[in-house]
Amino acid sequence: MPWSDGLVEFWTERQLCVLSTVRADGTVHSTPVGATLDIEAGLVRVICSGTSHKARTIRKAGTAAVSVTQVDGRRWSTLEGRAVVSDDPERVEDAVRRYAKRYREPRPNPRRVVIEITVTRVLGNA
């Protein structure tokens, strides 16, 4: 992956993102999320409730094509990839730690899962 220093820095700033998934009827569902980028693993992680539409859509597909976009003025970046949902406690805990470092400590949520996106394409000008 082409991980430039500017891109890496952009994905560590405290910015909200938009996660886009595809519904069963082929339409796009987009929602604001907090996302973290793990350069070494080539993963974007999004924590959410397992009952959320995004988690249910991805879980039903098994693996799903998604994108995560971040915009700050004229700077933007979209990371595309294949997503899976995990409720494995260690993976969720790791994602929570990363989220807390970038944003803040999330509220408790016993239904929390992590959406893990293996990045396959990087777009943008950041």
Side-chain angles (χ1 to χ4, degrees):
M1 276 301 122
W3 303 117
S4 70
D5 291 343
L7 181 76
V8 172
E9 182 178 333
F10 186 55
W11 280 93
T12 60
E13 296 172 7
R14 191 177 190 275
Q15 306 283 348
L16 284 179
C17 303
V18 176
L19 173 69
S20 297
T21 60
V22 180
R23 297 181 184 104
D25 68 1
T27 59
V28 176
H29 174 260
S30 297
T31 187
V33 297
T36 61
L37 175 60
D38 179 347
I39 299 297
E40 291 77 32
L43 289 176
V44 174
R45 293 179 180 89
V46 174
I47 57 173
C48 62
S49 177
T51 60
S52 69
H53 182 80
K54 57 190 161 286
R56 288 182 291 124
T57 298
I58 295 166
R59 193 183 300 267
K60 184 175 181 180
T63 182
V66 302
S67 68
V68 181
T69 300
Q70 178 173 287
V71 178
D72 180 40
R74 298 179 68 114
R75 297 182 309 151
W76 67 276
S77 175
T78 296
L79 305 178
E80 297 178 352
R82 302 296 299 179
V84 296
V85 174
S86 175
D87 55 9
D88 175 86
E90 289 180 15
R91 290 163 72 176
V92 172
E93 184 179 317
D94 180 44
V96 167
R97 274 194 308 274
R98 292 168 188 275
Y99 179 95
K101 183 176 179 183
R102 184 173 188 196
Y103 299 101
R104 61 175 169 70
E105 191 68 35
R107 63 177 167 66
N109 180 349
R111 295 186 180 127
R112 180 170 287 130
V113 297
V114 58
I115 297 171
E116 296 176 327
I117 304 158
T118 301
V119 178
T120 57
R121 183 176 295 156
V122 177
L123 305 166
N125 66 3

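The ring-ring contact (aromatic ring centres under 6.0 Å, His included) search around Y99 returns Y103, not counting sequence neighbours. Take T78 and apply the side-chain hydrogen bond (donor to acceptor under 3.5 Å, both in side chains) test, not counting sequence neighbours, and it matches T69. Shown here are the side chain to side chain contact (heavy atoms under 4.5 Å, CB included) partners of E93, two or more places apart in sequence or in another chain: R97. S20 pairs by the side-chain hydrogen bond (donor to acceptor under 3.5 Å, both in side chains) definition with S30, not counting sequence neighbours. For V96, the side chain to side chain contact (heavy atoms under 4.5 Å, CB included) partners at least two apart in sequence or on another chain are I47, V92, E105, P106, R112. By the side-chain hydrogen bond (donor to acceptor under 3.5 Å, both in side chains) test, R102 is found to be paired with Q70, residues two or more places apart in sequence or in another chain being considered. Evaluation of the side chain to side chain contact (heavy atoms under 4.5 Å, CB included) rule for T118 yields L43 as partners, not counting sequence neighbours.
Here I115 contributes atom CD1 and T21 contributes atom OG1; the two are 8.0 Å apart, rounded to the nearest 0.5 Å. Taking SG of C17 as the reference point, atom CG of L79 lies at 8.5 Å (rounded to 0.5 Å). S52 contributes atom OG, which lies 8.0 Å from atom CD1 of I58 (distance to the nearest 0.5 angstrom). W3 CH2 to E40 CD: the interatomic distance, rounded to the nearest 0.5 Å, is 10.5 Å. To the nearest 0.5 Å, atoms CG (L37) and OG (S77) are separated by 8.5 Å.
Using a 4.5 Å cut-off on side-chain heavy atoms (C-beta onward), L7 and V122 make contact.
Between A35 and V46, the closest heavy-atom pair is CB-CG2, 4.0 Å. Nearest heavy-atom pair, V85 versus A55, reported as atom, atom and distance to 0.1 Å: CG2-O, 3.6 Å. Contact record, A83 with I117: CB-CG1, 3.8 Å, taken as the closest heavy-atom pair.
Taking hydrophobic clusters as Ile, Leu, Val, Met, Phe, Trp and Tyr residues chained together by side-chain heavy-atom distances below 4.5 Å, V8 shares a cluster with V44. Both I39 and V68 belong to a common hydrophobic cluster when Ile, Leu, Val, Met, Phe, Trp and Tyr are linked at side-chain heavy-atom distances under 4.5 angstrom.
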Intermediate values then yes/no, side chain to side chain contact (heavy atoms under 4.5 Å, CB included), V114 and D94: CA-CA 9 Å; V114 58; D94 180 44; over 6 Å; no

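Of the possible donor and acceptor atoms, one in the side chain of N125 sits under 3.5 Å from a partner among the backbone N and O of R74.
The list of salt bridge (Lys or Arg N to Asp or Glu O under 4.0 Å) pairs with a residue in residues 26-38, not counting sequence neighbours, reads D38-R45, D38-R98. Residue pairs that meet the side-chain hydrogen bond (donor to acceptor under 3.5 Å, both in side chains) test with at least one member in residues 56-68, sequence neighbours left out, are H53-T57. Legend: salt bridge (Lys or Arg N to Asp or Glu O under 4.0 Å) pairs involving residues 23-37, not counting sequence neighbours: none detected. Judged as a salt bridge (Lys or Arg N to Asp or Glu O under 4.0 Å), the pairs with a partner in residues 81-92 (not counting sequence neighbours) are, in order, R91-E116.
Clustering of Ile, Leu, Val, Met, Phe, Trp and Tyr side chains at separations under 4.5 Å places V71 together with W76, L123.
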